Structure formats: structure tokens, C-alpha cells
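The chain is numbered in sequence order, starting from 1. All values derive from a computational prediction rather than experimental measurement.
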Amino acid sequence: MNVKKIINHLNPNILIHLAALPNPRFNESHKFDAKLLNVGITKSLVDNLDKDTHIIFTSSDVVFDGSHSFPGEDTPTSPKTYHGELKIQCENLIKEKFDKHHIIRLSTIHSNYDDNISVINKPINSYI
């Protein structure tokens with residue numbers, strides 16, 4: 001099933017968009033795949049969802065440059081990484097179409113590739 005068929009079948013009022021490559025470093029070294037799988041998936045969802053859908057998107061704190069200790073909703077974005085740039089592109093696609101949206105900027109929660117950038121891998125692995 002393609003995205004359009006799934007969206008048409010489900011006709012969601014709310015969609016939580018979690019799809020992305022799980023590792024910022026992988027994104028940096030695989031830029032083509034990173035753009036395809038981050039921005040491409042988001043664009044496909046945006047293109048196929050009704051504009052009245054409430055979309056919730058998990059972005060990343062890497063959209064900030066680190067110059068603010070506690071960045072807030074109105075803090076200007078200034079990504080230093082390709083991963084951050086991709087997240088901004090996704091956020092902008094969502095903001096342009098949907099009045100009802102929430103963008104949640106999280107630190108890296110889980111990574112299949114690098115335990116040092118994940119907030120849960122290191123503690124979990126220390127008990128194994």
C-alpha cells in the first residue's frame with residue numbers, strides 16, 4: 001500500500017509523524033538517503049493529508065545552534081548540522097499547510113547506531 005491509499009483508507013483527524021532516520025550522524029554521511037527518508041516522507045504525508053488534519057511532528061533540538069541555554073518556541077532556529085537542516089525543512093512543510101500542528105523538538109531519544117547520542121541507550125546498556 002502506498003501513502004495515498006493508506007491516508008485515504010484511514011482518513012485520520014490526527015496524525016503523529018515519527019518517521020525519520022534515527023541517527024543524526026548517519027544523516028550527515030548519507031545525505032541523499034537522509035533527505036529522501038526525512039523530507040521525502042514528510043512531503044508525502046503533507047501532500048496526501050487533508051489540510052484540516054491535526055499533525056504532531058517529532059523534530060529535534062538540533063534545529064538550534066546551542067547559543068541559547070533554554071531555547072523556547074520563539075527562539076530562532078539556526079541548525080549547525082544537515083540533520084538539523086532537514087528537520088527545519090520538515091517543520092516548514094508542516095507549518096505551510098496545517099493550521100493545527102504541534103512540533104515537538106526532542107533530543108535524540110534512541111539510536112540504532114550510536115549509544116553516545118541517545119538519551120536512553122546508554123542507561124539501558126549499562127544494565128545489560
Any chain of hydrophobic side-chain contacts (each under 4.5 Å) joining Val3 to Ile55?
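In one cluster with Val3: Ile55, yes.
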Are Leu18 and Ile104 connected in the hydrophobic side-chain network, where two residues link if heavy atoms are under 4.5 Å apart?
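Same cluster.
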Connected-component partners of Ile88 among ILVMFWY, side-chain separation under 4.5 Å
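Besides Ile88, the hydrophobic cluster comprises Val63, Phe64, listed by chain and residue number.
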Going by heavy atoms in the side chains, are Gln89 and Asn38 under 4.5 Å from each other?
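Answer no - side chains too far apart.
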Does a side-chain heavy-atom distance below 4.5 Å link Ile7 with Leu45?
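SC-SC contact between Ile7 and Leu45 confirmed.
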Going from [atom1] on [X] to [atom2] on [Y], what distance comes out if it is rounded to the nearest 0.5 angstrom?
X: Thr58; Y: His17; atom1: OG1; atom2: NE2; result: 7.5 Å
X: Glu96; Y: Lys51; atom1: CD; atom2: NZ; result: 15.0 Å
X: Leu37; Y: His30; atom1: CG; atom2: NE2; result: 11.5 Å
X: Glu91; Y: Ile103; atom1: CD; atom2: CD1; result: 4.5 Å
X: Asp65; Y: Thr75; atom1: CG; atom2: OG1; result: 10.0 Å
X: Lys95; Y: Cys90; atom1: NZ; atom2: SG; result: 12.0 Å

Nearest atoms (heavy-atom pairs only) where [X] meets [Y]:
X: Lys97; Y: Asp50; value: CE-C, 4.3 Å
X: His54; Y: His102; value: NE2-ND1, 2.8 Å
X: Leu49; Y: Pro12; value: CD2-CG, 3.8 Å
X: Leu21; Y: His83; value: O-CE1, 4.4 Å
X: Ile94; Y: His101; value: CG2-CB, 3.8 Å
X: Gly84; Y: Pro79; value: C-CB, 3.5 Å

I'd like to know whether CG of Leu36 has more than 12 heavy-atom contacts from other residues, nucleotides or ligands below 6.0 angstrom.
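Count over threshold, so yes.
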Only one of Asp52, Leu15, Thr53 passes side-chain contact (heavy atoms from CB on, under 4.5 Å) with Phe98; say which it is.
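One option only clears the test, and that one is Thr53.
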Can you check side-chain contact (heavy atoms from CB on, under 4.5 Å) on Arg105 and Thr77, steps first, answer last?
CA-CA 11 Å; Arg105 295 175 174 154; Thr77 57; 3.7 Å; yes
One pair to check against side-chain contact (heavy atoms from CB on, under 4.5 Å): Lys43 and Val46. What are the steps and the verdict?
CA-CA 5 Å; Lys43 180 153 179 28; Val46 167; 5.6 Å; no
